[in-house]
Amino acid sequence: MAPASVSQLLAEQRQAIQQRLLAGASGDDVVTATTDMVDGVIVGRYRTAARTGGESLTTAVFNIVAWWQSVGMVGGNWRPTPIST
């Protein structure tokens, strides 16, 4: 059996998130699931660059991931700031 394509895996993950939302998941649960999905894409791209892209591309991707981590947007830690009323 051939491995699933990236776009197929993303479509499946989006569908799973949609089903969770339709089943009554909270907004926080949906944001967490979406963030985890995006984290997976970023980490996957980094791994691909590390294997195939050569040193300069690997360094560039590493710097992007490091920046995302520094602002708290990688690793499932990012949460939207609640709006004060």
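Heavy-atom basis, side chains included; hydrogens, waters and symmetry copies ignored.
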Report the distance from atom CD of Gln15 to atom CG of Leu10, rounding to the nearest 0.5 Å.
-> 13.0 Å
Under the side chain to side chain contact (heavy atoms under 4.5 Å, CB included) test, which residues partner Ser26, sequence neighbours left out?
-> Asp28, Asp29
Side-chain donor-acceptor pairs of residues 17-24 under 3.5 Å, sequence neighbours excluded:
none

